[in-house]
2 protein chains.
Amino acid sequence: MKKTIFVFSALIISLLLLFKLSSYAYLSGDISKEIVIGVIAIVFFVIGIYINKKSLKKEKTNFIDYKKIEELGISKREYEVLVQISKGLSNKEIADALFVSESTIKTHVSNLLVKLDSKRRTQAIQKAKSLQILSI
Amino acid sequence: MKKTIFVFSALIISLLLLFKLSSYAYLSGDISKEIVIGVIAIVFFVIGIYINKKSLKKEKTNFIDYKKIEELGISKREYEVLVQISKGLSNKEIADALFVSESTIKTHVSNLLVKLDSKRRTQAIQKAKSLQILSI
DNA sequence: CTGTTTTTGGTACTTTAGTATGAGTCCCGA
DNA sequence: TCGGGACTCATACTAAAGTACCAAAAACAG
């Protein structure tokens, strides 16, 4: 919100500056109209690109749908396991990373597969990403 | 490439049109300089946004690094298998999809794991995506 | 046409993954 | 304090996944 106000302020200021520039240009008469128009065009062209880039960055940031996670009944620990699975770790490796036994991880994985309606961990990864509960 | 030429042609044409518009405006004298400048600003602002959007689409479309695939010595058939793996299919399902036996898929997968320096298919998926040989 | 790579497939085996079931601990809200 | 959910772990399976080794077509380049 603050950024939007800043950007629009900058826009108005640059517009006013251009009005002034054009006035001086016509008064002195040594700057052709074409140059003034060219400058205006370039300035607003750049402003257009800048604003667009800023707004697109927010869209691009694939944020995680925490509501969906809750909706599916995936617990905190289960989600941690899911993240590790998506990194390509084995059950044993996940167990070591989370300081629990492999049995525990197997239980978590089994529950995850049911909750994500999947038959394999690879399928679970796919589904989780399509549901936006894992960053792509 | 064709699009780039088209866009720049459009840019030049619109610039020339604005030159003409400004000439008429000053001749007739009933259109203020401010309006002309405003129109120019808005037009190029929009053009800037448009071009940026187009160029970002290409960036966003995560294209596949075919050179890398060749570099790793991954054959055509192996790559097909890799794509199926990333979709979360089992060896049997891949075999059915590609009309070959499960043994063949196992061979391909085994070769893929060596070429992608991975121990598991989940790890292979991760690696392939980080190497940009699979769309994210 | 010949040598090489790719693709296919099999057998036999080891290792992970996943299921089913039961059970103990801990924490939190009613 | 009592029940329930979350987390932990174990055993005993079954089912996939992955390895190793071999071998024969098929495609392909020189």
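Order of the sequence lines fixes the chain letters, A, B, ..., with proteins taken first and strands second; residue numbering starts at 1 for each chain.
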query: Which ILVMFWY residues can you reach from B:Ile74 by hopping between side chains whose heavy atoms are under 4.5 Å apart?
result: B:Ile64, B:Tyr66, B:Ile69, B:Leu72, B:Tyr79, B:Val81, B:Leu82, B:Val83, B:Ile85, B:Leu89, B:Ile94, B:Leu98, B:Val100, B:Ile105, B:Val109, B:Leu112, B:Leu113, B:Leu116, B:Ile125, B:Leu131, B:Ile133, B:Leu134
statement: From CD of A:Glu70 across to P of D:dA6 the rounded distance in Å is 11 Å
statement: Taken to the nearest whole Å, CD1/B:Ile74 to P/C:dT6 is 12 Å
Non-neighbouring partners of B:Gln126 that pass side-chain hydrogen bond (donor to acceptor under 3.5 Å, both in side chains), sequence neighbours left out: none
statement: note: A:Leu112, atom CG; D:dA6, atom C1'; distance rounded to Å ~ 13 Å
task: Tell me, yes or no, whether the heavy-atom count around B:Gln132 atom CD, taken from other residues, nucleotides or ligands under 6.0 Å, exceeds 12.
output: no
message: Just to be sure I understand the rule, does B:Ser103 reach a base, reach only the sugar-phosphate, or reach nothing, if contact means heavy atoms closer than 4.0 Å?
response: base
task: Could you state the atom-to-atom distance from CZ of A:Arg77 to P of C:dT25 in whole Å?
output: 19 Å
- line: Across all chains, not counting sequence neighbours, the salt bridge (Lys or Arg N to Asp or Glu O under 4.0 Å) partners of A:Lys92 are A:Asp96
message: Just to verify, what does A:Lys127 make a side-chain hydrogen bond (donor to acceptor under 3.5 Å, both in side chains) with, not counting sequence neighbours?
response: none
message: A:Lys106: which residues meet the salt bridge (Lys or Arg N to Asp or Glu O under 4.0 Å) condition with it, sequence neighbours left out?
response: none
field: N or O in side chain of B:His108 less than 4.0 angstrom from C:dG9 OP1/OP2
entry: no
Residues in side-chain hydrogen bond (donor to acceptor under 3.5 Å, both in side chains) contact with A:Thr104, at least two apart in sequence or another chain: A:Ser101
message: Among residues at least two apart in sequence or on other chains, which ones pass side-chain hydrogen bond (donor to acceptor under 3.5 Å, both in side chains) with A:Glu80?
response: A:Arg77
message: Any non-hydrogen side-chain atom of A:Gln84 less than 4.5 Å from a side-chain atom of A:Lys87?
response: yes
Output one line per pair: protein atom, nucleotide atom from nucleotides 16-21 of chain C, and distance, for all N/O pairs under 3.5 Å.
from   : atom 1 : to       : atom 2 : distance (Å)
C:dA17 : OP2    : A:Asn91  : N      : 3.0
C:dG18 : OP1    : A:Arg121 : N      : 2.8
C:dG18 : OP2    : A:Arg121 : NE     : 2.9
C:dG18 : OP2    : A:Arg121 : NH2    : 3.2
C:dG18 : N7     : A:Lys106 : NZ     : 3.3
C:dG18 : O6     : A:Lys106 : NZ     : 2.7
C:dT19 : OP2    : A:Ser110 : OG     : 2.5

Spacing between B:Glu78 atom CD and C:dT5 atom P, to the nearest angstrom: 14 Å
message: I need the full list of side chain to side chain donor-acceptor pair (under 3.5 Å) pairs touching residues 109-121 of chain A, with sequence neighbours left out, sorted by first then second residue.
response: A:Glu78-A:Lys115, A:Asn91-A:Arg121, A:Arg120-A:Gln123, A:Arg120-B:Glu93
For nucleotides 27-30 of chain D, list the nitrogen or oxygen atoms of the protein found under 3.5 Å from its nitrogen or oxygen atoms, one pair per line.
none

- line: Between CD1 of B:Ile94 and C1' of D:dG18 the distance, given in whole Å, is 13 Å
query: What does the inter-axis angle of the helix from C:dC1-D:dG30 to C:dA30-D:dT1 come out as, five pairs per end, nearest 10 degrees?
result: 60°
- prompt: Looking across every strand, which nucleic acid part, if any, lies under 4.0 Å from A:Thr104 by heavy atom: base, sugar-phosphate, or nothing?
  reply: base
query: Does any pair with a residue in residues 36-46 of chain A pass salt bridge (Lys or Arg N to Asp or Glu O under 4.0 Å), and if so which ones, sequence neighbours excluded?
result: none
